[in-house]
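The structure appears below as structure tokens.
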Amino acid sequence: MKATMRLYYDDSYLTTFNAQVVATTEHQGLPAVALDQSAFYPEGGGQSADHGWLSAVADLDRRWPVIDVQSDNGVVWHILATGAQLPEPGTVVTGRINWERRFDHMQQHCGQHILTAAFIATCNAPTVSFHLSERSVTIDLSIGELSLDQVQAAEAWANRAVWANLPIHARFVSPTELAQIPLRKPPTVSDAVRVVSIGDIDHSACGGTHPARSGEVGAIAVLGWGRQRGLIRVEFVCGNRVITALHERDIAVRTAAAALSVGWAELPQTVNRLQEAQQSLQRELRQTQRELDALRAAHWYAQTPPVNGRRIVTATLPAADAERLRTIAGFIAELPGGIAIIAGGSERPQIVVACAEDSGSDARQILAAGMAVLGGRGGGNARLAQGGGGLPDALAVAIAAMIKRAGASE
């Protein structure tokens with residue numbers, strides 16, 4: 001099939017066009033239509049697809065929402081809503097682009113070019129990959145660390161480029177012309193190369209849609225950054241998304257400030273005080289919990305009748321973490337002849353076994369008896385062993401097997 005003529009290459013502002021249906025098919029269970037020419041941008045290069053509508057020129061009541069656009073071997077496929085009756089090949093249709101979505105993508109994609117150039121200029125951090133989602137844009141930078149000062153410097157550089165209202169020129173170039181252009185990185189295609197130039201700050205091989213001047217990007221705001229698979233992922237927004245992000249953060253800040261009965265400017269100091277108070281309370285709670293667990297362990301030990309000089313204490317505490325299980329088991333193992341079999345966890349069983357030195361028992365052997373029933377794994381030493389996993393429904397049977405093994409230990 002002949003490749004689709006892509007009208008957006010020459011005019012990113014084109015929102016209405018006429019074309020002829022050349023083929024129909026199915027794409028992932030949805031109807032799809034190919035046209036001889038199209039202004040719809042197909043998903044690719046990190047940029048999401050255009051949305052919009054197709055309608056029959058001869059019958060305006062026949063209208064098909066375009067919910068996705070994909071490219072396959074040069075053919076642009078317009079994915080239609082479920083249940084749509086496909087237009088027959090030869091039908092002349094009018095395509096209409098959702099301009100609000102298109103312009104948003106133009107702002108975000110162009111802003112990505114500018115911010116990428118900014119990170120190269122300010123901290124020599126090239127972009128490895130780019131992704132445009134419905135809420136934000138991300139770029140992955142090839143750099144080990146990224147500081148607040150570096151981010152702010154790049155953001156400021158990028159916004160100066162936006163406000164300089166630089167001309168943006170997109171065109172296909174010959175190999176001879178390409179050799180004269182200082183591309184940011186080599187092109188990934190071997191045939192005709194389309195180059196997007198933003199003033200003299202950035203020249204990139206790119207098939208995406210862009211505004212005519214950088215000023216239409218409006219503004220660029222970095223929302224956050226962090227390590228991702230050995231790279232630094234930077235999240236940002238451009239244009240109207242900056243206003244949306246500002247409103248969302250303003251609502252969150254003012255809501256938090258109102259809940260704490262302080263002004264929004266006082267939030268950092270108030271949060272610091274609350275964190276300090278919480279940390280102090282957590283330390284007190286841990287100490288109180290430890291004292292309570294010591295009393296509880298002693299109580300369980302006292303209530304357990306001795307058998308051959310040993311007291312085999314068992315307990316199941318679904319809400320206790322592994323550290324607390326070890327603490328309680330340790331208290332019991334400090335008492336004469338004490339053997340503790342303490343279980344926790346609701347979905348994934350955790351078991352700690354601890355044995356007093358004078359008990360003559362080996363915690364590893366006792367735990368192994370339980371793990372054989374649960375189908376879990378564990379390890380440790382003669383005094384303390386820990387394991388987990390396996391079948392939660394078999395926990396009671398596993399504990400019974402461990403009690404039997406503890407009673408038989410020499």
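Residue numbers start at 1 and run along the sequence shown.
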Side chains of [X] and [Y] in contact at under 4.5 Å (non-hydrogen atoms):
{"X": "Thr122", "Y": "Gln150", "result": "no"}
{"X": "Trp64", "Y": "Val93", "result": "yes"}
{"X": "Leu80", "Y": "Leu86", "result": "yes"}
{"X": "Gln303", "Y": "His299", "result": "yes"}
{"X": "Leu141", "Y": "Leu146", "result": "yes"}
{"X": "Ile139", "Y": "Phe236", "result": "yes"}
{"X": "Thr316", "Y": "Ile399", "result": "yes"}
{"X": "Ser38", "Y": "Phe17", "result": "yes"}

Return yes if a side-chain donor-acceptor contact under 3.5 Å exists between [X] and [Y], otherwise no.
{"X": "Gln70", "Y": "Asp68", "answer": "yes"}
{"X": "Ser48", "Y": "Glu43", "answer": "no"}
{"X": "Arg6", "Y": "Ser71", "answer": "yes"}

Could you tell me whether Phe172 and Tyr9 have their ring centroids closer than 6.0 angstrom?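 So the answer is yes for these two rings.
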
How long is the span from the [atom1] atom in [X] to the [atom2] atom in [Y], to the nearest 0.5 Å?
{"X": "Glu235", "Y": "Leu223", "atom1": "CD", "atom2": "CG", "answer": "5.0 Å"}
{"X": "Thr138", "Y": "His131", "atom1": "OG1", "atom2": "NE2", "answer": "6.0 Å"}
{"X": "Ser129", "Y": "Leu231", "atom1": "OG", "atom2": "CG", "answer": "7.0 Å"}
{"X": "Ile201", "Y": "His113", "atom1": "CD1", "atom2": "NE2", "answer": "11.0 Å"}
{"X": "Ser142", "Y": "Ile120", "atom1": "OG", "atom2": "CD1", "answer": "10.5 Å"}
{"X": "Leu148", "Y": "Trp225", "atom1": "CG", "atom2": "CH2", "answer": "4.5 Å"}

In terms of side-chain geometry, is the basic nitrogen of [X] or [Y] positioned less than 4.0 Å from the acidic oxygen of its partner?
{"X": "Arg101", "Y": "Asp50", "value": "no"}
{"X": "Arg296", "Y": "Asp293", "value": "yes"}
{"X": "Arg171", "Y": "Glu177", "value": "no"}
{"X": "Arg135", "Y": "Glu248", "value": "yes"}
{"X": "Arg62", "Y": "Glu88", "value": "yes"}

After noting the C-alpha distance and the side-chain angles of Gln365 and Leu367, does the key distance pass the side-chain contact (heavy atoms from CB on, under 4.5 Å) rule? CA-CA 5 Å; Gln365 296 177 1; Leu367 179 68; over 6 Å; no

[X] to [Y] - nearest heavy-atom pair and separation:
{"X": "Val373", "Y": "Ala394", "value": "CG1-O, 4.0 Å"}
{"X": "Val193", "Y": "Ala205", "value": "CG1-CB, 3.9 Å"}
{"X": "Ala369", "Y": "Arg405", "value": "CB-CB, 3.9 Å"}
{"X": "Thr4", "Y": "Val75", "value": "OG1-CA, 3.5 Å"}
{"X": "Ala298", "Y": "Leu335", "value": "CA-CD1, 4.3 Å"}
{"X": "Ile220", "Y": "Cys238", "value": "CG1-SG, 3.9 Å"}

For Thr176 and Gln180, run side-chain hydrogen bond (donor to acceptor under 3.5 Å, both in side chains): C-alpha distance rounded to whole Å, both residues' side-chain angles, the deciding distance at 0.1 Å, then the answer. CA-CA 7 Å; Thr176 301; Gln180 304 301 316; over 6 Å; no

Do you know which of Val76, Val92, Leu54, Leu7 makes side-chain contact (heavy atoms from CB on, under 4.5 Å) with Leu35? Leu54

Candidates Ile198, Val162, Val242 - the one meeting side-chain contact (heavy atoms from CB on, under 4.5 Å) with Val217: Val162

Going by salt bridge (Lys or Arg N to Asp or Glu O under 4.0 Å), name the residues that satisfy it together with Asp140, two or more places apart in sequence or in a different chain.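 Residues passing salt bridge (Lys or Arg N to Asp or Glu O under 4.0 Å) with Asp140: Arg233.
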
Before giving the answer on side-chain hydrogen bond (donor to acceptor under 3.5 Å, both in side chains), spell out for Asn18 and Thr94 the whole-Å C-alpha distance, their side-chain angles and the decisive distance to 0.1 Å. CA-CA 4 Å; Asn18 286 345; Thr94 296; 2.7 Å; yes

Name each donor-acceptor pair under 3.5 Å that joins a side chain in residues 275-288 to protein atoms two or more places apart or in another chain, with its distance.
| unit_1 | atom_1 | unit_2 | atom_2 | d |
| --- | --- | --- | --- | --- |
| Gln287 | NE2 | Glu291 | OE2 | 3.1 |
| Thr288 | OG1 | Glu284 | O | 2.9 |

Please determine whether side-chain hydrogen bond (donor to acceptor under 3.5 Å, both in side chains) holds for the pair His105 and Thr209, giving the CA-CA distance in whole Å, both sets of side-chain angles, and the decisive distance to 0.1 Å. CA-CA 8 Å; His105 289 177; Thr209 56; over 6 Å; no

For the pair His78 and Phe40, name the ring-plane relationship: parallel under 30°, tilted 30 to 60°, perpendicular over 60°. perpendicular

Test side-chain hydrogen bond (donor to acceptor under 3.5 Å, both in side chains) on Ser204 and Arg184; report intermediate values, then the result. CA-CA 6 Å; Ser204 300; Arg184 187 193 330 135; 2.5 Å; yes

